[in-house]
Amino acid sequence: MCSCVCVIVFGEVVDGYSGCVDVLSDVVSAARTGRSHSGRVTRTAPFAQRFPAVPSAGFHIVLQGTCWLLSSQGEPIALGPGDVAFLPRGSAHGLADDPSTPVSEPPATLTGVQDGRDETSADRPPTVVMLCGAYLLDRSGPHPLLNDLPEVIHLPTRVGRHRELSAAVELLGVELDGDARPGSDTILLTLLDLLLLYILRAWFEEQRVSGHSATGWAAALHDPAVAAALRAIHGEPGRPWTVEELGAQAHLSRAAFARRFTHLIGQPPLTYLTWWRMTTAARLLRTSDAPVNTIAQQVGYSSQYTFTHAFKRQYGSPPGSYRHHAD
C-alpha cells in the first residue's frame with residue numbers, strides 16, 4: 001500500500017471566498033454518491049505501486065517523509081511533508097520512493113485503502129507516512145466546475161498559506177493515529193468532507209493569485225456579478241428565473257450579463273439553470289423517497305411530463321429508472 005495520506009474537506013468562509021462557498025458546497029454535495037474512504041499508511045524504501053483509474057476522486061497527503069507521485073500525463077511530482085496531491089477524476093497514477101524505482105507491487109485501489117504499514121520493513125524507519133483515500137462522485141453528469149480541474153492538483157505546503165487546509169490535515173492525522181475513539185467515525189467523515197472543499201478552495205485561490213483564472217469556474221467564483229447570479233440559481237433553482245432577473249442580481253444589463261456569464265461559465269445562464277435543476281433532481285432521486293412529481297415542482301416544473309423529458313435528455317433515462325438504478 002502507499003505511504004501517503006489522503007483527505008477531503010469542507011470548510012468555512014475565508015477572505016476572498018465570501019459568497020462563493022455556498023455554490024462550491026452545493027456542487028460537491030450534488031456530486032457525492034457514497035461514503036469516503038481514507039487510511040493512514042506508512043512505507044519504507046524501496047517501494048513503487050500503481051493505482052488504477054477509479055470512478056472517484058483520489059487524494060494523497062504526506063504527513064512525514066517524502067515520496068513521488070507518478071502521473072500518467074506528466075512529469076513525476078515530488079511530495080514532501082504537508083503536501084497535498086488530489087486527483088479529481090481518479091486518474092491512474094503511482095507512488096514511489098524514487099521515480100527510478102521499478103513498479104513491482106500489485107496494484108492498489110484508493111477506494112479500499114486501510115490503515116497499515118509496510119510489514120516487510122518493520123525493522124526500519126518509514127520513508128513516508130501518508131493519508132490516502134478516495135471520495136465517491138457521481139460520474140453520470142459531472143459538474144463543469146469539476147471538469148475544469150486538471151488531472152492532478154498539487155498543493156505544496158507553504159508557511160502561512162492555506163492555513164485551514166493545513167489544520168484539517170493535522171486533525172485528520174491525529175484522528176487516524178492510534179485506536180478508534182468515541183465519535184471517531186463521524187469525526188472522520190466530517191473532516192474528509194471539509195478537506196475536499198479546502199482543497200478545491202485552495203486550488204481556485206492559487207489560480208486567482210497566479211493570474212490563470214481569466215475564464216472558467218476559477219474566475220466565475222471570484223467575479224462579483226457572475227457569483228451573485230450563481231448564488232441566486234443555486235439558492236432557488238425552482239424559481240422561474242429570466243435572464244433579466246439574473247442580470248439584476250448581478251447589477252448588469254441583460255445583454256452585458258448574458259455575455260459575461262457565458263464567457264466565464266461556458267454556457268448561457270438559462271442553459272446552466274436547466275442543467276443545475278436536473279442535477280439537483282438527480283440528487284433528490286438518489287437521496288430521498290419524494291415522489292417524482294414533488295421533485296419536479298421543487299426544481300421548477302409544474303408538469304411532470306416536461307420534467308421527465310428534460311431529465312431524460314440530460315441523464316439518458318426517465319427519473320423512475322434513474323432512481324431504481326441508483327439504489
Side-chain angles (χ1 to χ4, degrees), residues 9-31 57 84 86 88-89 137 141-151 153-155 158 161-165 194-280 283 299-300 314:
V9 189
F10 293 55
E12 63 199 50
V13 177
V14 295
D15 292 345
Y17 278 86
S18 178
C20 300
V21 175
D22 288 342
V23 174
L24 187 58
S25 298
D26 229 9
V27 168
V28 173
S29 295
V84 175
F86 180 57
R89 286 179 281 282
L137 303 176
H143 194 281
L145 181 151
L146 300 177
N147 285 339
D148 261 3
L149 302 176
E151 290 297 315
I153 291 176
H154 176 214
L155 297 171
R158 296 191 182 108
R161 296 282 291 171
H162 311 311
R163 290 175 295 175
E164 66 276 13
L165 176 57
L194 285 172
L195 186 57
L196 178 55
L197 284 182
Y198 282 141
I199 288 172
L200 294 174
R201 180 193 289 172
W203 186 80
F204 285 129
E205 178 64 17
E206 292 285 344
Q207 298 307 294
R208 184 187 67 81
V209 171
S210 65
H212 293 158
S213 59
T215 60
W217 279 84
L221 291 179
H222 288 95
D223 183 278
V226 174
L230 287 171
R231 290 196 301 273
I233 290 172
H234 282 248
E236 297 182 90
R239 180 170 166 174
W241 292 105
T242 64
V243 176
E244 289 86 352
E245 289 174 326
L246 290 172
Q249 294 287 322
H251 303 292
L252 292 173
S253 69
R254 180 187 186 281
F257 165 70
R259 285 195 302 269
R260 192 160 174 173
F261 190 98
T262 304
H263 174 66
L264 292 181
I265 298 299
Q267 52 188 328
L270 297 189
T271 300
Y272 178 77
L273 171 62
T274 299
W275 188 91
W276 180 248
R277 284 173 168 175
M278 295 304 103
T279 301
T280 301
R283 173 174 51 181
V299 297
Q314 180 163 320

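- Nearest approach of Pro88 to Glu151, heavy atoms of both residues: CD-O, 3.3 Å.
- A pairwise comparison of heavy atoms in Ala250 and Ala225 identifies CB-O, 3.2 Å as the closest pair.
- Rounding to the nearest 0.5 Å places CD1 of Ile233 at 9.0 Å from CZ of Arg277.
- Taking both residues in full, the closest heavy atoms of Leu165 and Ala202 are given as CD2-CB, 4.3 Å, listed atom of the first, atom of the second, then distance.
- Distance check: Arg208 CZ to Asp223 CG gives 12.5 Å after rounding to the nearest 0.5 Å.
- Annotation for Trp241 and Ala232: closest pair CZ2-O, 3.5 Å, computed over non-hydrogen atoms.
- If you check the side chains of His222 and Gln207, you find no donor sitting under 3.5 Å from an acceptor.
- Taking NE2 from His251 and CZ from Phe257, the interatomic distance works out to 12.0 Å, rounded to the nearest 0.5 Å.
- A salt bridge is absent between Arg161 and Glu205; no separation between the charged side-chain nitrogens and carboxylate oxygens falls under 4.0 Å.
- Going from atom CG of Asp148 over to atom CG of Leu200 covers 11.5 Å, rounded to the nearest 0.5 Å.
- Here the side chains of Leu155 and Tyr198 are not in contact, with every heavy-atom distance at 4.5 Å or above.
- Nearest heavy atom pair, residue Ala229 against residue Leu246, reads O-CD2, 4.1 Å.
- The shortest heavy-atom contact between Leu146 and Ala31 is CD1-CB, 3.9 Å.
- To the nearest 0.5 Å, atoms CZ (Phe86) and NE2 (His154) are separated by 14.5 Å.
- Taking NE2 from His162 and CD1 from Ile199, the interatomic distance works out to 11.0 Å, rounded to the nearest 0.5 Å.
- Residues Phe204 and Leu24 have side chains in contact (heavy-atom distance under 4.5 Å, counting atoms from C-beta outward).
- Taking the six-membered ring where tryptophan is involved, the planes of Trp276 and His143 are perpendicular, since the angle between them exceeds 60° and thus also 30°.
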